[in-house]
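Encoded as structure tokens, the structure appears first; notes follow it.
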Amino acid sequence: MATPLARRALARYIRRLPVRTYTTHVGHTEPRKGDRVFVGMSGGVDSSVTAKLLADKDYDLSAVFMRNWDTRDESASDKGCEWEKDWEDVQQVCKALDIPCEMIDLSQEYWNRVFQPSLHSWEDGITPNPDVLCNREIKFGALLEHLPMASSSSSKTWFATGHYARKTWTLPTSESPPRAKLLRPVDLIKDQTYFLASMTEQSLNCALFPLGDLNKSEVREIAKKAGLATAERKESMGVCFVGKKSKFGDFISSYIPPNPGPIIDLSTGDTVAQHKGLWTYTIGQGAKLPGMRQRAFVVKKDSGLNAIYIAFGSHNPLLLSRSVIVSDFSWIWKDSPPNHLKTEDGYGAEVKIRHRMDSTTCTVHSSDSDHDLKITLGNPEVGVAPGQVAVVYDREEGRVLGCGTIVDTISLE
């Protein structure tokens, strides 16, 4: 459970994050002949096939490549950097598809909106998710600010990505126009809706996810048949600003100075070791400490005391959270949160706390604001940490309802 000081630090972190919306009229719900469509490309096979599928349509199609990380922050030269290889691949694919492409440098925006807030969070012992921030603040934030996204009833501008997700629309009524719904993809193994859950309804209105009805194997096959240069390219894994040659802990430590503190046995209160900074361990992580007869695991952090607390045994109930407290929850349909949030029984839903986990059943209760939630998990979850993102799904159709930042946990013990 987070200390009051840690919760205040996390609240400050959340408040620092800018919230932006973009005005887009719903208009038509699918692209029409001649509509302006931008496709975000990364140099990978998924975005390449997205561009291929769209190039087969009669749209006014252009590709954009986002340069989000300036490697000159780490070295004196920009030569030989990973983004250059990505940009070369994007240009090669676009040439084969006969579509124009442009590189947009968003490294400053990424630094200010994603990396710096994440650094502050890590320094306070919190566990942020930069990829969720990147989709909200950069792909569906800063990038849209650079593109002519204005629309009218007769024409519309669209933004397509290679995310594995689906979008459908509600049926219009005499009182309401159709509304966009973010749904899980056909390929649940590749489901990326967790990373998209913080996008606004306005951004979702103009979004296209052409891969939503495809499996990864089908995407590879399309790329091979089209002769795309990226057909055999390996998956990119991990946080985008950490290079392939770097370890995450070493990379972050190059930006945050050491801040040693005690590692404390929660059961006895004894200091058993020292850490180099709260960011060097995450909750649920095994702590390799000398002289310990049992394996130790991190169960708590206290930013006020700069202390990390451990407990022993992989089945220790202190590792399991039965409920999470979520702050600043953002509903995609901001004016239509689910019913029953304020009832005694709460709202039955599903939740993900990490990208690579199966969603689990949960019950959601809200305070008066509808933005501060208590989510009770159907099955206790191991290693839940403040700063992680909780994404809530509708049980019936798997629609993404929104997400918020975990500020506290309630363990089994």
Open item on the list: With a 6.0 Å cut-off (strictly less than), is the heavy-atom count around NZ of K95, excluding the residue itself, greater than 12?
Closed with: no
Task: Polar side chain donor-acceptor pair, H28 to D35, under 3.5 angstrom - done: yes
TODO: Measure from the side-chain N and O atoms of R220 to the backbone N and O of A231, and report whether any donor-acceptor pair falls under 3.5 Å.
DONE: yes
Open item on the list: Measuring centre to centre across the rings, with the benzene-like ring taken for any Trp, is Y255 within less than 6.0 Å of W279?
Closed with: no
Open item on the list: With rounding to the nearest 0.5 angstrom, report the OH to NZ distance, Y281 to K288.
Closed with: 10.0 Å
Task: Under-4.0 Å salt bridge between K334 and E201 - done: no
TODO: Would you please name every residue forming a side chain to side chain donor-acceptor pair (under 3.5 Å) with T282, sequence neighbours left out?
DONE: Q285
- [ ] Take E232 and K224 through the salt bridge (Lys or Arg N to Asp or Glu O under 4.0 Å) test and state the conclusion after the steps.
- [x] CA-CA 8 Å; E232 301 290 349; K224 291 175 184 176; 3.7 Å; yes
Task: Pairing residues for L320 by the side-chain contact (heavy atoms from CB on, under 4.5 Å) criterion, not counting sequence neighbours - done: P380, V382, L412
Task: Distance-only donor-acceptor check, side chains R136 and S330, under 3.5 Å - done: no
TODO: Verify, without hydrogens or angle tests, whether T161 (side chain) and G40 (backbone) share a donor-acceptor contact under 3.5 angstrom.
DONE: no
Open item on the list: Tell me whether H340 at atom NE2 has more than 12 heavy atoms from other residues, nucleotides or ligands lying less than 6.0 Å away.
Closed with: no
Task: Polar contact flag, side-chain donor to acceptor under 3.5 angstrom, S107-D105 - done: yes
- [ ] Would you please say whether a donor-acceptor pair under 3.5 Å links the side chains of N129 and H355?
- [x] no
TODO: Check whether the side chains of S176 and T173 place a donor and an acceptor atom closer than 3.5 Å, and report yes or no.
DONE: no
- [ ] Output yes when a side-chain donor or acceptor of D394 lies under 3.5 Å from a complementary backbone atom of E397, and no otherwise.
- [x] yes
Task: K181/E396 salt bridge by N-O under 4.0 Å criterion - done: no
Open item on the list: For the backbone of L278 and the side chain of K301, can you confirm whether one donor and one acceptor N or O come within less than 3.5 Å of each other?
Closed with: yes
Open item on the list: Can you tell me how far apart CG (L211) and CD1 (I222) are? Round to the nearest 0.5 Å.
Closed with: 8.0 Å
Open item on the list: Below 30° counts as parallel, above 60° as perpendicular, anything between as tilted: where do the rings of Y110 and W69 land?
Closed with: perpendicular
Task: Nearest atoms (heavy-atom pairs only) where S47 meets V39 - done: O-CG2, 4.4 Å
With a 3.5 Å cut-off and sequence neighbours excluded, list the donor-acceptor pairs that the side chains of residues 182-192 form with protein atoms.
| residue | atom | partner | partner atom | Å |
| --- | --- | --- | --- | --- |
| R184 | NH1 | E350 | OE1 | 3.4 |
| R184 | NH2 | E350 | OE1 | 3.4 |
| R184 | NH2 | S359 | OG | 2.9 |
| D187 | OD1 | I189 | N | 3.2 |
| D187 | OD1 | K190 | N | 3.4 |
| D187 | OD2 | K216 | N | 2.9 |
| K190 | NZ | E235 | OE1 | 3.3 |
| K190 | NZ | E235 | OE2 | 3.3 |
| D191 | OD1 | T193 | N | 2.9 |
| D191 | OD1 | T193 | OG1 | 2.7 |
| D191 | OD2 | T193 | OG1 | 3.3 |
| Q192 | OE1 | Y164 | N | 2.7 |

